[in-house]
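For reference, positions follow the sequence shown, starting with 1.
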Amino acid sequence: MGYPWMRTARLKPLWMMTVLAGGLALLSGPALAAPETYRIDPRHTTLAFLVHHIGYQNTLGQFLEVEGSFVYDEETQDLSDLTVNVTAASVFSNDEARDKHLRGRDFLDVEVYPAITFRMTGAKADSTESGQVMGDLTILGVTRPVTLDVTLNKIGPYPFPQGGAVPYVIGISARTMVKRSEFGMTYAVENEWVGDEIQVIIEAEAIRQ
């Protein structure tokens with residue numbers, strides 16, 4: 001049977017091997033998620049708006065040049081450092097004369113204010129797929145707080161390799177409503193020829209850097 005100290009001596013190497021094996025397993029396992037920087041993919045991003053026209057219909061337009069980035073932790077759902085820059089002159093409503101008017105002093109005044117910007121100030125998750133993003137929206141040099149209702153559509157490896165690599169992509173939908181008069185854009189508000197409330201529609205993909 002042997003003495004107790006001998007049994008202990010035999011077990012000790014086995015215990016050390018078990019601990020070592022466990023440590024190696026932890027080291028070789030998948031790393032915990034960490035905050036990652038994502039950049040908006042302009043080819044797969046749409047920033048659109050709806051505004052009523054003399055009450056007859058809602059005119060749909062969009063901005064064709066949008067860029068931005070943010071930091072997101074997939075494990076904790078923490079979002080930070082979201083910034084978006086929009087080229088005001090890239091407005092497009094499928095009518096050349098109307099687009100020229102939109103770029104002028106009655107509306108966007110792009111010669112004086114070439115950029116529309118959004119800077120995140122906070123975020124709140126309601127679930128794993130939805131939440132709100134709060135931030136400061138600047139139009140015509142005027143900054144107002146805005147809250148976006150955001151839906152996380154999908155996050156993961158992209159099905160199409162790019163440049164020999166597989167991109168990791170996040171896709172979101174976002175909606176909000178703003179009053180253009182709050183930014184000093186009052187043309188045709190009083191007679192209601194052009195709506196004051198602007199429905200903002202965002203569909204975007206962003207690529208992990």
Side-chain angles (χ1 to χ4, degrees), residues 38-42 44-70 79-126 130-153 171-206:
Y38 290 79
R39 192 167 301 280
I40 291 174
D41 181 359
H44 298 103
T45 294
T46 300
L47 172 55
F49 59 87
L50 275 172
V51 56
H52 83 73
H53 179 246
I54 324 180
Y56 289 107
Q57 53 89 32
N58 290 314
T59 296
L60 176 65
Q62 65 183 103
F63 291 92
L64 302 180
E65 296 180 17
V66 182
E67 62 180 19
S69 63
F70 56 87
L79 174 71
S80 61
D81 300 332
L82 170 63
T83 62
V84 179
N85 296 304
V86 181
T87 302
S90 71
V91 66
F92 173 78
S93 67
N94 201 33
D95 183 89
E96 186 175 348
R98 180 169 56 216
D99 291 346
K100 183 177 180 180
H101 192 191
L102 289 173
R103 296 184 186 105
R105 296 179 63 183
D106 286 337
F107 291 100
L108 294 169
D109 200 3
V110 301
E111 294 295 329
V112 179
Y113 306 101
I116 298 170
T117 63
F118 178 83
R119 299 287 182 269
M120 172 187 167
T121 57
K124 180 174 74 71
D126 294 329
S130 64
Q132 289 83 46
V133 175
M134 292 71 77
D136 291 329
L137 177 65
T138 301
I139 304 174
L140 297 175
V142 178
T143 301
R144 293 283 184 267
V146 169
T147 298
L148 296 166
D149 294 316
V150 181
T151 299
L152 172 61
N153 298 320
I172 64 98
S173 300
R175 302 290 187 271
T176 193
M177 185 81 73
V178 299
K179 284 190 174 183
R180 61 189 181 92
S181 61
E182 293 182 349
F183 297 88
M185 192 187 301
T186 58
Y187 175 83
V189 169
E190 188 174 351
N191 60 17
E192 298 183 344
W193 282 4
V194 180
D196 189 16
E197 290 189 340
I198 309 296
Q199 186 177 0
V200 180
I201 303 163
I202 302 169
E203 298 290 331
E205 293 180 13

Sub-4.5 Å side-chain heavy-atom contact between V133 and F118: yes
Side chain to side chain contact (heavy atoms under 4.5 Å, CB included) partners for L50, two or more places apart: N58, L60, Q199, I201
Summary of side chain to side chain donor-acceptor pair (under 3.5 Å) pairs that have at least one residue in residues 47-57, sequence neighbours excluded: Q57-T59
Distance (rounded to the nearest 0.5 Å) between D136 CG and M120 CE: 11.5 Å
Check: D196 side chain, S181 main-chain N or O, donor-acceptor pair, under 3.5 Å: yes
Minimum side-chain heavy-atom gap T87-L64 below 4.5 Å: no
W193 side chain near I54 side chain, heavy-atom distance below 4.5 Å: yes
Set of residues satisfying side chain to side chain contact (heavy atoms under 4.5 Å, CB included) with respect to S69, sequence neighbours excluded: R39, T83
Heavy-atom closest pair, residues A89 and V110: N-CG1, 3.7 Å
Note, V189 side chain near R180 side chain (heavy atom, < 4.5 Å): yes
Donor-acceptor under 3.5 Å (R175 side chain, I202 main chain): yes
Shortest non-hydrogen contact from L108 toward A88: CD1-O, 3.8 Å
Which atom of F183 lies closest to which atom of V142, heavy atoms considered: CD2-O, 3.3 Å
With sequence neighbours excluded, residues passing side chain to side chain contact (heavy atoms under 4.5 Å, CB included) with L140: D109, Y113, M185
Close side-chain approach of L102 to S93, heavy-atom, < 4.5 Å: yes
Heavy-atom check, side chain of V178 versus side chain of F49, under 4.5 Å: no
Residues in ring-ring contact (aromatic ring centres under 6.0 Å, His included) contact with F107, at least two apart in sequence or another chain: H101, Y187
Validation row: Q132, D126 side chains within 4.5 angstrom (heavy atoms): yes
Nearest-0.5 Å distance, CD1 of residue I172 to CG of residue L148: 8.0 Å
Pairwise salt bridge (Lys or Arg N to Asp or Glu O under 4.0 Å) hits with a residue in residues 83-106, at least two apart: none
Between CG on residue L79 and NZ on residue K124, distance to nearest 0.5 Å: 13.5 Å
Closest non-hydrogen atom pair between I40 and P42, with its separation: O-CD, 3.2 Å
Residue among L82, N85, T143, T138 satisfying side chain to side chain contact (heavy atoms under 4.5 Å, CB included) with R119: N85
